[in-house]
Amino acid sequence: MAEFSFDLNEDQKAVREWIHGFAADVMRPAAAEWDEREETPWPIIQEAAKIGLYSLDFYAQQYFDPTGLGIPMTMEELFWGDAGIALSIVGTGLAAVGVLANGTEEQIGTWIPQMYGDAGDVKVAAFCSSEPDAGSDVSAMRTRAVYDEAKDEWVINGTKTWATNGGIASVHVVVAAVDPGLGSKGHASFIIPPGTPGLSQGQKFKKHGIRASHTAEVVLDNVRVPGSCLLGGKEKLDERLARARERATAGGERLKNAAMATFEASRPAVGAMAVGTARAAYEVALDYAKTRQQFGRPVIDNQGVAFQLADMRTRIDAARLLVWRASWMAVNGKPFDSAEGSMSKLFASETAKTVTAQAVQILGGNGFTREYPVERMHRDSAIYTIFEGTSEIQRLVIARTLSGVPIR
């Protein structure tokens, strides 16, 4: 087990500098353009693939870093560059985590490489859980998967929404209800291979922020997939459903469902994304405050501005420490007995919204224009308190974990 440390080792520092260089030299100069275009920045994803930054090997190395800091370090630097472009680069990772969290070794080895492709033929993947009537309330999921025993196939019908890379992905990971009577405990995850008939893209959303990242509905109309596409396999699913039915009858403990297992694993990473955006806005505001002259002196000479910057930096550092703690715990098998994963995501996402708003305020009228990047960063930050569990849901998870009471 790796000891928890605030110091990155030499290899980690080298990787961080490498990612930072890509973020500064490739992502930032293109950020405003792709935000305006509201399109997937394929050329930048391809550039990332060429240098090995968008690849299964790279993310596997970071994911299995025994210190737990590989992924949060990577996320912070990329999202420091630009949140929309960064999400286009790392969005595939949520689908990959879905397979890692629920799949067999064979499924992991078969499907995750196909999610990324290679530098000559870049692919992306999508994780599809939310629905028009089932966001935070996952028990309301209407997408159904029915097993056709004669053909050993699953037939899936429903509509997913808010899917990053939805419809443009090579591989989709779809969460569906296999036993609706069990609510969220009756869910399972399925791989939808490339070119599967019946899967199509629905509405593409025009968003407030992270506009370089593709977000759309995914429609599943009598989609048939082989039994081997059920993550974890049918035997494991049948055992899990049997236990859930027993506990439901006895009023026993809750079981984690397929979507929640994925989100729990990814929450500290989302916190790291928020830290990156907050840090970027803080740095712009600090530089502006030191160079902007008002009443014959830099505006940072005023306590009203200087104290804001002090609070911004303090919150950013505190958020990073919560993210690093949760990331270290996760990779070293430490249980989140106090919902440390949700704590990290909650505090970091709220920090991003607060810090970017303060940055706009410090820049004044300039901060409200698209001539300065804090306007875009402020728009981008709004997503962190919404996706992969809203702030309200994080507080609910924390409160339930601490109290042991099924608070609603």
Side-chain angles (χ1 to χ4, degrees), residues 15 19 40 42 45-46 48-66 68 70-75 78 86-129 154 156 160 163-176 187-196 199 213-214 218 223 225-234 236-237 258-270 272-273 327 330-331 388:
V15 171
I19 300 170
T40 300
W42 289 108
I45 299 175
Q46 289 169 341
K50 286 178 183 177
I51 65 170
L53 181 54
Y54 183 77
S55 71
L56 172 59
D57 287 346
F58 172 73
Y59 285 101
Q61 288 175 12
Q62 304 315 307
Y63 187 85
F64 292 109
D65 179 345
I71 289 295
M73 176 189 68
T74 297
M75 296 300 175
L78 287 175
L87 192 56
S88 290
I89 293 173
V90 307
T92 293
L94 186 58
V97 169
V99 176
L100 282 170
N102 302 295
T104 64
E105 289 188 10
E106 182 179 357
Q107 289 169 331
I108 291 169
T110 298
W111 294 110
I112 294 183
Q114 294 187 49
M115 294 179 175
Y116 289 91
D118 55 47
D121 186 20
V122 171
K123 306 291 185 184
V124 295
F127 183 76
C128 308
S129 177
W154 288 90
I156 307 173
K160 295 296 181 177
T164 298
N165 296 331
I168 66 171
S170 174
V171 176
H172 292 75
V173 178
V174 173
V175 181
H187 296 172
S189 292
F190 298 86
I191 291 285
I192 313 298
T196 300
L199 184 146
S213 173
H214 176 96
V218 174
V223 170
V225 297
S228 59
C229 287
L230 166 65
L231 289 180
K234 193 164 188 309
K236 182 178 177 181
L237 172 65
M260 290 302 101
T262 301
F263 291 141
E264 183 171 310
S266 64
R267 277 172 181 157
V270 176
M273 299 174 189
S327 300
V331 81
E388 295 196 46

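Values below: every heavy atom of this structure, side chains too, minus hydrogens, waters and symmetry copies.
The minimum heavy-atom distance linking Phe127 with Gly98 is given by the pair CE1-CA, 4.4 Å. Residues Lys123 and Gln114 share a closest heavy-atom pair of CB-O, 3.7 Å. Heavy-atom minimum distance, Pro226 versus Trp154: O-CD1, 4.3 Å. Nearest approach of Ala272 to Met75, heavy atoms of both residues: CB-CB, 3.8 Å. Minimum interatomic distance between Lys160 and Val175 (heavy atoms only, all atoms of both residues): NZ-O, 2.6 Å. Shown here for Pro72 and Ser327, the closest heavy-atom pair between the two residues is CG-OG, 3.5 Å.
At least one side-chain heavy atom of Val173 sits under 4.5 Å from a side-chain heavy atom of Met115. Counting only heavy atoms from C-beta outward, the side chains of Leu78 and Ile19 approach each other to under 4.5 Å. Between Glu388 and Leu94, some side-chain heavy-atom pair lies under the 4.5 Å cut-off. The side-chain heavy atoms of Val223 and Phe190, taken from C-beta on, include no pair separated by under 4.5 Å. Between Val90 and Met273 the shortest side-chain heavy-atom distance falls below 4.5 Å. Using a 4.5 Å heavy-atom threshold, the side chains of Phe58 and Thr74 count as touching.
Here the side chain of Ser170 pairs no donor or acceptor atom with the backbone of Ala125 at under 3.5 angstrom. Between the side chain of Asn102 and the backbone N or O of Gly232, no donor-acceptor pair lies under 3.5 Å. The closest donor-acceptor contact from the side chain of Asp118 to the backbone of Asp121 lies under 3.5 Å.
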Step by step, would you call Tyr63 with Leu100 a side chain to side chain contact (heavy atoms under 4.5 Å, CB included)?
-> CA-CA 11 Å; Tyr63 187 85; Leu100 282 170; 3.9 Å; yes
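The side-chain contact (heavy atoms from CB on, under 4.5 Å) with Val225 is formed by just one residue from the set Val174, Leu199, Ile191, Ile192; it is Ile192.
One distance of note links CD of Gln61 with CD1 of Ile71; it measures 10.5 Å at 0.5 Å rounding. For the atom pair OG1 (Thr164) and CG (Leu87), the distance works out to 5.0 Å, reported to the nearest 0.5 Å.
Applying the side-chain contact (heavy atoms from CB on, under 4.5 Å) test to Ile45 and every residue at least two apart in sequence or in another chain returns Thr40, Trp42, Tyr54, Ser88, Ile89, Val122.
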